[in-house]
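See below for the structure under consideration.
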2 protein chains.
Amino acid sequence: MSYSIGEAAKMVGLTAHTLRFYDKEGLLPFVKKTSSGLRAFTESDIEWLKIIECLKGTGLPLKQIKQYIDWCMEGDATIPQRLNMFIEQKKHVEEQKAKWEKHLEKINFKIKYYEDAAKHGDLNVFERNPKLLEEKKRLFKD
Amino acid sequence: MSYSIGEAAKMVGLTAHTLRFYDKEGLLPFVKKTSSGLRAFTESDIEWLKIIECLKGTGLPLKQIKQYIDWCMEGDATIPQRLNMFIEQKKHVEEQKAKWEKHLEKINFKIKYYEDAAKHGDLNVFERNPKLLEEKKRLFKD
DNA sequence: TTAATCTTTAGAGTTAGCTCTAAGTCAAGA
DNA sequence: TCTTGACTTAGAGCTAACTCTAAAGATTAA
């Protein structure tokens, strides 16, 4: 059993246009076609799409995703490169998470700031709450 | 005391080109110019840049950042909108963090997978370790 | 004062990742 | 069989966010 491009697209939350674009970019060399030229996505192809989505979702550019797919197609000799790619991507994800954590602190500060401002209808927040000014200095020092 | 565009750029990790681009896009209405037409960034302007960087870093498009800056320039009447924007952005950041967490699980699975593959020089990982197959099914089921 | 190194503008060019169109082909239900 | 809707390709167009260029003016160190 296999899926049309529209069905596959729905299953992974993309459009058929996007899947064709990925195919054109060489990201889907594993997708076979029927005798009449229609793409037929297998269950295994859907799993490939999910891995592509995972890598894309963590900020890996399509070119590097293609590099990974190419390695997969080349066979067992490229296992070390693939392992290395995932290790690098894990590092990248953890760096990003730390960055988002820092951004979140600043956003939380802004929420406190504007909550007080909204309550009083003006921006004299630091006069009312000097501790918040200290927090601001700490958060925006670097 | 104030900073030239090049100094300001260095302080926030952007290029002078990018700062000029932001200015052209209306993101830096607060930056004043000297009598001879050079931009002079104050300490306060540098803080604005850091907030812009924070919002950009959490994925807010420049257009929406401009909207926020515009609200700030309009005065106290827009405090509720600004508060709301940060609350929405906090939601967004937390959704993203959850997504990255899920991606990270998949990446960790792939690392385990390829570590075993690298050790044995082939991809018969699931035959050697059926538990990993179960983990794969769990992680990629949706 | 002069040379080197900024900075200014307007505007063109680039990159990534889609997104859509046109013109035609294929498949499934009435 | 006919119609409707999904599929095919090549290729154009789009958006966001830069990135760079050219030509001219400003600043700074020797």
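Side chains included, hydrogens not; waters and symmetry mates left out as well; all remaining heavy atoms used. Lettering follows sequence order; numbering is per chain, from 1.
Every residue two or more places apart in sequence or in another chain that forms a ring pair (Phe, Tyr, Trp, His ring centres under 6.0 Å) with Tyr113(B) is listed here: Phe126(B). With sequence neighbours excluded, no residue forms a salt bridge (charged side-chain N to carboxylate O under 4.0 Å, His left out) with Glu115(B). Residues satisfying the ring pair (Phe, Tyr, Trp, His ring centres under 6.0 Å) test with Phe86(A), not counting sequence neighbours, are Tyr68(A), Tyr114(B). For Phe21(A), there are no ring pair (Phe, Tyr, Trp, His ring centres under 6.0 Å) partners two or more places apart in sequence or in a different chain. Among residues two or more places apart in sequence or in another chain, the side chain to side chain donor-acceptor pair (under 3.5 Å) test is passed with Lys63(B) by none.
Contacts between residues 51-58 of chain A and DNA chain D, defined by a heavy-atom separation under 4.0 Å, are absent. Across residues 3-22 of chain A, His17(A), Thr18(A), Phe21(A), Tyr22(A) each have a non-hydrogen atom less than 4.0 Å from an atom of DNA chain C (numbered order). Non-hydrogen atoms lying under 4.0 Å from DNA chain D are contributed by nothing in residues 66-73 of chain B.
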For nucleotides 26-30 of chain C, tabulate all protein N/O to nucleotide N/O atom pairs closer than 3.5 Å, reporting atom names and distance.
| from | atom 1 | to | atom 2 | distance (Å) |
| --- | --- | --- | --- | --- |
| dC26(C) | O3' | Ser36(A) | OG | 3.4 |
| dA27(C) | OP1 | Ser36(A) | OG | 2.8 |

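Residues in residues 27-46 of chain B take part in these salt bridge (Lys or Arg N to Asp or Glu O under 4.0 Å) pairs, two or more places apart or across chains: Asp23(B)-Arg39(B). For residues 28-67 of chain B, the set of pairs meeting the ring pair (Phe, Tyr, Trp, His ring centres under 6.0 Å) definition, not counting sequence neighbours, comprises Phe30(B)-Trp48(B).
For DNA chain D, the contact window with chain A, defined by any atom under 4.0 Å from a protein heavy atom, covers dC7(D) to dG11(D) in 5' to 3' order.
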